[in-house]
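Notes to accompany the following structure.
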Amino acid sequence: TVTRGFKNARLKLQGKAELNSELVDEALKDIRVSLLEADVDLGVVKSFMDRVRDKSLGQVVGLEVKDGHGKRVKLSPQDRFNGICHEELEALMGPVDTSITVQKPLTKVMMVGLQGSGKTTTAGKLARWLDGKKLRPLLVAADIYRPAAVDQLRALGDKLQMPVFHEPGLKPPELCEKAMAVARETGRNAVIFDTAGRLAIDEELMRELEDIKARTKPDNIFLVVDSMIGQDAVRTAAEFNRRLDLTGFIMTKLDGDARGGAALSIKEVTGKPIKFLGVGETLDKLEEFRPQGLASRILG
Amino acid sequence: LSGTREIDEKIVDELEPLLIQADVGVKTTQKLMDLVRQRLSSKELSSAEKVRDAIRDEILRMVSVPAPVMEERTERPCVVMVVGVNGAGKTTTIGKLAHRLRQRGHTVVLGAGDTFRAAAVEQLRVWGDRAGCVTVEGKEGQDSAAVLFDSVKKGKEEGAAFILGDTAGRLHTKVNLMEELKKVRRVMAKAHEGAPHEVLLVLDATTGQNALIQAEQFNQALELSGVILTKVDGTAKGGVIIAICDQLKLPVRFVGVGEKLSDLRPFDPAAFVDGLFA
Ligand SMILES: Nc1nc2c(ncn2[C@@H]2O[C@H](COP(=O)(O)OP(=O)(O)OP(=O)(O)O)[C@@H](O)[C@H]2O)c(=O)[nH]1
Ligand SMILES: Nc1nc2c(ncn2[C@@H]2O[C@H](COP(=O)(O)OP(=O)(O)OP(=O)(O)O)[C@@H](O)[C@H]2O)c(=O)[nH]1
Ligand SMILES: [Mg+2]
Ligand SMILES: [Mg+2]
């Protein structure tokens with residue numbers, strides 16, 4: 001676990017009078033292994049270590065802090081290193097921004113992501129969420145490729161007693177555009193576009209997403225990411241972000257035991273926040289992102 | 001002393017990131033480096049080419065786990081149970097596998113064992129129609145085991161050569177769902193002695209280090225006969241299977257290379273190694 005990595009690192013620094021580069025590099029070795037085993041991106045791990053090293057060695061280690069009794073005590077090199085590690089980890093986590101941008105008269109949410117990441121299920125969860133916020137969402141079945149994708153979204157809509165729009169014969173960009181008109185006509189004030197899963201390297205399908213965005217101008221574009229994703233997370237997130245300027249991420253399947261290090265990486269590399277967490281298969285299993293929860297999970 | 005020989009640091013700095021970014025994992029990468037250090041002479045350890053070739057050989061050796069060729073299995077019917085976590089590609093892969101078997105002249109029956117997820121049965125039915133096989137659906141209120149029991153029975157009646165059973169996706173951390181899978185396996189054996197002849201874990205190639213835990217857990221519950229690695233047409237390299245093959249001795253049988261019916265290929269160890277170093 002990353003916690004063990006931090007523990008070993010601390011032990012290596014225990015009793016040392018000052019931080020030198022050898023000591024810091026030794027301590028960082030354990031942390032590196034832990035973060036990589038948690039699926040944090042290699043590049044993110046490297047820059048994390050560089051920042052910790054620079055701060056640790058640039059540090060005037062004769063720092064003083066107040067102890068529990070308000071008495072001034074000198075901070076040991078070990079404590080200072082520890083503090084720097086946690087500062088840098090927190091920086092990778094936050095800041096927290098879980099808002100959905102409400103647009104008048106129509107709030108628009110677009111779900112995008114790789115195949116099987118949980119977009120359709122999460123679209124249903126978000127519909128329930130928005131309903132809870134007193135919005136009246138219309139679900140839009142814009143995946144015209146996957147067998148029974150429309151049936152799947154319709155079934156979720158039925159469960160929620162919420163309308164689902166689909167018109168056979170329309171391409172996804174036209175479909176989404178028409179959905180907005182249908183929403184207004186039927187007194188709905190939010191639309192959630194469920195799109196087909198696709199590879200970030202699929203030029204034609206990525207252009208389809210750009211087309212949907214151009215026509216519907218959604219203020220909320222969420223990349224739905226499977227929390228068990230490995231080193232591919234950054235490649236994928238960076239490309240989706242480059243093409244669509246994402247609003248944020250939704251990490252799914254966090255009810256499993258994947259460490260979810262990808263969450264750190266994609267947030268760090270794109271600068272976009274994690275909005276929600278999918279924590280189960282049923283439509284109530286959606287939570288707002290909280291850094292402490294994810295941090296302690298990545299830390300094992 | 002062979003123990004004190006080191007691979008040239010410049011070579012390690014080049015090879016290690018390549019393997020880590022391919023999801024090979026830190027421990028397995030370390031193991032590969034250690035094996036190479038022991039195998040090569042100190043002169044060879046300073047040759048980037050020699051080290052790289054040695055690593056390739058080690059990986060090739062690890063992932064070349066012997067396995068029967070699916071379409072050449074002679075049990076009749078040959079019953080295949082397909083399992084894996086949510087969204088890995090099970091239902092789609094069953095369609096592809098059915099198509100592959102049909103192309104080779106076999107009768108195939110599909111069992112719609114996902115009685116849980118919205119439109120799961122409809123999805124399998126579309127694939128069954130495309131591949132030209134009967135899809136056995138459950139009656140209202142039937143659980144997964146009952147549907148797959150019926151599927152095996154029906155397949156036998158139809159004289160099917162292969163019966164492919166779909167199951168609902170599930171996270172290995174859910175004890176009750178893993179127990180359900182064990183029950184499904186037992187019930188399939190009741191429908192036909194010796195069934196299931198194959199229990200295949202479908203694994204998404206984008207999965208990180210959690211893949212090894214998935215494989216361990218599903219293997220422990222069901223005794224897997226192999227892995228199918230999906231979404232290999234993406235940018236993820238699927239390096240996690242090296243540890244799965246090496247530690248669990250599970251063969252990778254097929255790879256999914258797209259979303260069409262024909263997008264399934266038998267696992268080719270050499271092609272896999274080439275892909276890692278591409
Ligand atoms: N355990 C768990 N399963 C989830 C979660 N979110 C989605 N799933 C499951 O993941 C699988 C895939 O979900 P979908 O909603 O079909 O994924 P998708 O992204 O729409 O898939 P494509 O449209 O094919 O790209 C289903 O079995 C869902 O029930 C989650 O938070 N936890
Ligand atoms: N690019 C690509 N996509 C794939 C591949 N295999 C499956 N998919 C896609 O992955 C998504 C999920 O596939 P499913 O067959 O529904 O996965 P599943 O494991 O049955 O999902 P659940 O039953 O919900 O657990 C679909 O969009 C498939 O088209 C593959 O080899 N390559
Ligand atoms: Mg979908
Ligand atoms: Mg399925």
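So that the names make sense, note that chain A is the first sequence line, chain B the second, and so on, each numbered from 1. Here the structure is a predicted model, which is why all the values come from computation and not from measurement.
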- Best-contacting candidate, B:T230, B:D204, B:D233, against chain A by heavy atom pairs under 4.5 angstrom: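 Among the listed options, the one with the most contacts to chain A is B:D233.
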- Task: Give the member of B:V126, B:V121, B:T206, B:V26 that has the highest number of heavy-atom pairs under 4.5 Å with chain A.
- Result: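 Looking at each of B:V126, B:V121, B:T206, B:V26 in turn, B:T206 comes out on top.
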Of all the heavy-atom pairs spanning [X] and [Y], show the shortest one and how long it is.
X	Y	value
A:R146	B:Q123	NH2-OE1, 3.4 Å
B:A236	A:D232	N-OD1, 3.6 Å
A:A148	B:E122	CB-CB, 3.8 Å
B:Q209	A:D39	N-OD1, 3.0 Å
B:N86	A:K253	O-NZ, 2.9 Å
A:L156	B:A118	CD2-CB, 4.2 Å

So which of [options] has the biggest tally of heavy-atom pairs under 4.5 Å with chain B?
options	result
A:T121, A:L199, A:D41	A:L199
A:P147, A:G124, A:G116	A:P147
A:G261, A:A200, A:G230	A:G230

Contact part of [X] toward chain A, heavy-atom cut-off under 4.5 Å: side chain, backbone, both or neither?
X	answer
B:R117	side chain
B:Q217	neither
B:V85	side chain
B:I20	both
B:E259	side chain

To the nearest 0.5 Å, how far apart are [atom1] in [X] and [atom2] in [Y]?
X	Y	atom1	atom2	answer
B:T235	A:E239	OG1	CD	9.5 Å
B:R125	A:D151	CZ	CG	12.5 Å
A:L42	B:D23	CG	CG	11.0 Å

Is [X] close to chain B through its backbone or its side chain, or both, or neither, when contacts mean heavy atoms under 4.5 Å?
X	value
A:L114	side chain
A:D158	neither
A:R154	neither
A:I201	side chain
A:I229	both

- Item | B:K237 vs A:Q231 side-chain heavy atoms within contact, under 4.5 Å |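 They are not in side-chain contact.
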- Query: Between B:R170 and A:E281, is any pair of side-chain heavy atoms under 4.5 Å apart?
  - Reply: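 Contact flag for B:R170/A:E281 side chains = no.
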- Message: Would you say that more than 12 heavy atoms from the other residues, nucleotides or ligands in this model lie under 6.0 Å from the CD of A:E203, or not?
- Response: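 Yes, CD of A:E203 has more than 12 neighbouring heavy atoms, counting only those of other groups under 6.0 Å.
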- Item | Neighbour count >12 (heavy atoms, 6.0 Å) for atom CZ, B:R56 |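 Result for CZ/B:R56: enclosed.
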- Task: Look at the side chain of A:D257 and the backbone N and O of B:N210, then say whether any donor-acceptor pair between them is shorter than 3.5 Å.
- Result: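 It does not hold such a pair.
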- Message: For residues 127-137 of chain B, give me every residue with a non-hydrogen atom less than 4.5 Å from any non-hydrogen atom of chain A.
- Response: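 Within residues 127-137 of chain B, the residues that come under 4.5 Å of chain A (heavy atoms only) are B:W127, B:R130.
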